[in-house]
Amino acid sequence: MRHPLEKIIRIELLTIALALVIGLISIIQGYLFLTIASLYLVTISFSCSALLEWQSHQTAQGAKHALRAFLIFLIATYLLFQL
């Protein structure tokens, strides 16, 4: 039997891995657009982490992750519009 939150856990791990790969490529190649994409992937990862924390009744940790996701989203969106 699978864990009820397995899909969210997989999405979190996938976005972390993609953010790492895309972030390394953006550092090596110097593409700002890939850096912003990496920041959005980190935002998705933090959002999934916040959902997992809230589902496990750890609301303080979940709120911290949600706030981090929101701040990174704002910064990435600001950088996107500054291009």
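Computed from a predicted structure; not experimentally measured.
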**Student:** Atom CD1 of I22 and atom OH of Y31: how far apart are they, to the nearest 0.5 Å?
**Tutor:** 13.5 Å

**Student:** Knowing that exactly one of L79, L80, L83 qualifies, which makes a side-chain contact (heavy atoms from CB on, under 4.5 Å) with L32?
**Tutor:** L83

**Student:** Should L20 and I25 be counted in the same cluster of Ile, Leu, Val, Met, Phe, Trp and Tyr side chains packed under 4.5 Å apart?
**Tutor:** no

**Student:** What distance do K64 atom NZ and T59 atom OG1 have between them, rounded to the nearest 0.5 Å?
**Tutor:** 11.0 Å

**Student:** Indicate if L14 and I8 have the same hydrophobic cluster label, given that clusters are the connected sets of ILVMFWY residues with side-chain heavy-atom separations under 4.5 angstrom.
**Tutor:** no

**Student:** Going from OG on S47 to NE2 on H65, what distance comes out if it is rounded to the nearest 0.5 angstrom?
**Tutor:** 11.0 Å

**Student:** Measuring from T43:OG1 to L71:CG, what's the distance to the nearest 0.5 Å?
**Tutor:** 9.5 Å

**Student:** Does I36 belong to the same Ile/Leu/Val/Met/Phe/Trp/Tyr cluster as L34, with side-chain heavy atoms less than 4.5 Å apart forming each link?
**Tutor:** no

**Student:** Report yes if the side chains of Q58 and W54 come closer than 4.5 Å at any heavy-atom pair, otherwise no.
**Tutor:** no

**Student:** Got a donor-acceptor contact below 3.5 angstrom from the S49 side chain to the S45 backbone?
**Tutor:** no

**Student:** Just verifying a value: how many Å separate L67 CG and I72 CD1, rounded to the nearest 0.5 Å?
**Tutor:** 10.0 Å

**Student:** Same cluster for L41 and F46 if Ile/Leu/Val/Met/Phe/Trp/Tyr side chains link at under 4.5 Å?
**Tutor:** no

**Student:** Using the rule that Ile, Leu, Val, Met, Phe, Trp and Tyr join whenever any side-chain heavy atoms are under 4.5 Å apart, tell me whether L13 and I11 fall into a single cluster.
**Tutor:** no

**Student:** Is there side-chain contact between Y40 and T77, with heavy atoms separated by less than 4.5 Å?
**Tutor:** yes

